Undergrad: 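Below you'll find the structure I mean.
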Amino acid sequence: MSYARVDDENAYVRQFYDDLCTQIIELSDTAAQVPVGFRDYSSIRIGEHWSEQLERALGSCRSMVALYSPAYFRSAWCSREAGVMMRRAHQYFARNQKGSSALIPVLWQSVEVPQEVAHIQYLTDGFGSWYADVGLQRLLQRDPTGEDYRGAIRLIAQRVLDVARHEELPVPERPVLLVHEPLSFQPRTAPTRPGSTVRFFVATGTSETAPEHRRGTPYYGAAGLDWNPYHPQEEYPLYQQAQRLVTAQGYGTAFQEVRAGLTRQLNRAWHDDQVTILLVDAWSAWGTPHRQELEQFDRTEHPATGVLVPCHPQEERDRYELWSRVTEVFERKASRGMHDRQFQIRVCFGDFKRALGQMVSAAQNNLIRKRQAVVVPPQDDDADAVPATRPILRGPVGGPARRPQPQDRQNGGHDPQPLRPRPRISYNPYAQPDSRESRREGGTAR
């Protein structure tokens, strides 16, 4: 199995691999004790050389399941792994005059496939429309025991068995050295600018764990990520609505449900220069299991994190008790007032796009200010030039920079070093640059 390591943060790749191996054994006459697959973490024992074991597996395996995702196509190692299988498939064609299906692509997450490998057909036969829209990982997250996911596993397992039974790829004459293998596709550049990736955390219930009077409503599903507070105005879950809005502006995205260890996960995202947004269900915020994690988050400082609490205009707009409980959970952040762009509650459907855009902009602004020290280089190559100093952040009482005066020439005989403007920081175009509040509360920098 070829995959990007970052895609296995929540162990979904491991679960898929285990389910696939189990299904292959059930569909074949292979004894259960015999390993049928290779995955680098699970198939390499302590003390074994990691690269040698991986290279040996690439040179001898009957087929390779490649989990396509944005991270996969940013990885040079994944590009080389796919390249090894494509080279063996070309050798098979030269020997047998027929093509090979040994490279089995699986759309793990929705992604645009590079042109170099676009000719390899996705595994689509028998899959529903969800496959092209969101990918197999989403189905696993939603219902790992459901018939849709189990049917997908059977289709992939059967394809692996068909390749193993009817194709025999040649083993490379020389041992595979992955570091020297050519790239099968040109890896895409990962976002490196601070705040160029937005990670969403969803805190909500399900159709079984939501408050009793909310169960059976169309707002919840089998998993937390199915939560759609804007039904019927919007048909997709909230995290997909948010993901669609920010990816359209060039951001990378990631998403997960709020679980134990939220503060630790937010700290990790901060270390990775990621903006984090909490999408919180008002009805679930003050109940178990989310209240403890959210209250702990409220007591800590996370300058690159925003909290957005949606509401349905027909049900929750005027519920005083509901929103007072939400402000109890986020007591510290609610005390900052209604102008805090990184804490917005009672967000109706019509305001969601604007509120999310402003929140991402403000969080990215804080991340850049905290994580990136900007030093302005000299304007010329004169070795005797005065070294550039860091720009000064002037507060409301700092006043504008003083213009050079004629008397400044009298003692020094030259003009003083002019003050250079602070570099502009580009932001999400959702922000409203003409608003006084945006300038005061973290909107577009001036």
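All of these numbers come straight from a predicted model, not from anything done at the bench.
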Undergrad: Should the ring pair F255 and Y239 be called parallel, tilted or perpendicular, given that the plane angle runs from 0 to 90° and is split at 30 and 60?
TA: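 Answer is tilted, since the angle falls between 30° and 60°.
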Undergrad: Would one find more than 12 heavy atoms of other residues, nucleotides or ligands at under 6.0 Å from atom OH of Y12?
TA: yes
Undergrad: Taking only residues two or more places apart in sequence or in another chain, which ones pass ring pair (Phe, Tyr, Trp, His ring centres under 6.0 Å) with F16?
TA: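 Partners of F16 under the ring pair (Phe, Tyr, Trp, His ring centres under 6.0 Å) test: W108.
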Undergrad: Could you go through residues 91-106 and list every donor-acceptor pair under 3.5 Å that involves a side-chain atom there, pairing it with any protein atom two or more places apart or in another chain?
TA:
from	atom 1	to	atom 2	distance (Å)
N96	ND2	Y92	O	3.0
Q97	NE2	A94	O	3.3
S100	OG	A102	N	3.1
S100	OG	E167	OE1	2.6

Undergrad: Less than 3.5 Å apart, any donor N or O on the side chain of Q342 or N366 sitting next to an acceptor on the other?
TA: yes
Undergrad: Once side chain to side chain contact (heavy atoms under 4.5 Å, CB included) is applied, do any residues pair with R264, and if so which ones, sequence neighbours excluded?
TA: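 By the side chain to side chain contact (heavy atoms under 4.5 Å, CB included) rule, R264 matches no residue at all.
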Undergrad: Give the ring-plane orientation class for F330 versus F297, where under 30° counts as parallel, over 60° as perpendicular and anything between as tilted.
TA: perpendicular
Undergrad: Do other residues, nucleotides or ligands put more than 12 heavy atoms under 6.0 Å from R150 CZ?
TA: yes
Undergrad: Could you check if a side-chain atom of F201 sits within less than 4.5 angstrom of a side-chain atom of Q256, using non-hydrogen atoms only?
TA: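 Sidechains of Q256 and F201: in contact.
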Undergrad: Going by side-chain hydrogen bond (donor to acceptor under 3.5 Å, both in side chains), name the residues that satisfy it together with D162, two or more places apart in sequence or in a different chain.
TA: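 Testing D162 for side-chain hydrogen bond (donor to acceptor under 3.5 Å, both in side chains), a comparison that skips the adjacent residues, returns Q158.
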Undergrad: According to salt bridge (charged side-chain N to carboxylate O under 4.0 Å, His left out), does anything in residues 217-227 pair up with another residue at least two apart or in another chain? List the pairs.
TA: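 Residue pairs passing salt bridge (charged side-chain N to carboxylate O under 4.0 Å, His left out), neighbours aside: R138-D226, R142-D226.
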Undergrad: Can you sort out the partners of R259 under side-chain hydrogen bond (donor to acceptor under 3.5 Å, both in side chains), two or more places apart, ordered by chain and number?
TA: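 With sequence neighbours excluded, R259 shows a side-chain hydrogen bond (donor to acceptor under 3.5 Å, both in side chains) to no residue whatsoever.
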Undergrad: Under the side chain to side chain contact (heavy atoms under 4.5 Å, CB included) test, which residues partner R291, sequence neighbours left out?
TA: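 If we apply the side chain to side chain contact (heavy atoms under 4.5 Å, CB included) test to R291, skipping adjacent residues, the hits are W286, E295, E328, V329.
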Undergrad: Listed by chain and number, what are the side-chain hydrogen bond (donor to acceptor under 3.5 Å, both in side chains) partners of S284, not counting sequence neighbours?
TA: D281
Undergrad: CE of M359 to CD1 of I277: how many Å apart, nearest 0.5 Å?
TA: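 CD1 of I277 is found 5.5 Å from CE of M359.
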Undergrad: Residues in ring pair (Phe, Tyr, Trp, His ring centres under 6.0 Å) with Y230, at least two apart?
TA: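 Expected list: F349, F352.
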Undergrad: Evaluate whether atom CD of Q15 has more than 12 neighbouring non-hydrogen atoms of other residues, nucleotides or ligands under 6.0 angstrom away.
TA: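 Above 12, so yes.
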Undergrad: Just distance, no hydrogens or angles: give the donor-acceptor pairs under 3.5 Å from side chains in residues 171-180, sequence neighbours left out.
TA:
none

Undergrad: For T206, which residues count as a side-chain hydrogen bond (donor to acceptor under 3.5 Å, both in side chains) partner, sequence neighbours excluded?
TA: T209
Undergrad: Kindly assign one of parallel, tilted or perpendicular to the pair Y219 and H231, based on the angle between their ring planes and the thresholds 30° and 60°.
TA: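 Correct class here is perpendicular.
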Undergrad: If the condition is side chain to side chain contact (heavy atoms under 4.5 Å, CB included), which residues does E212 pass it with, not counting sequence neighbours?
TA: none
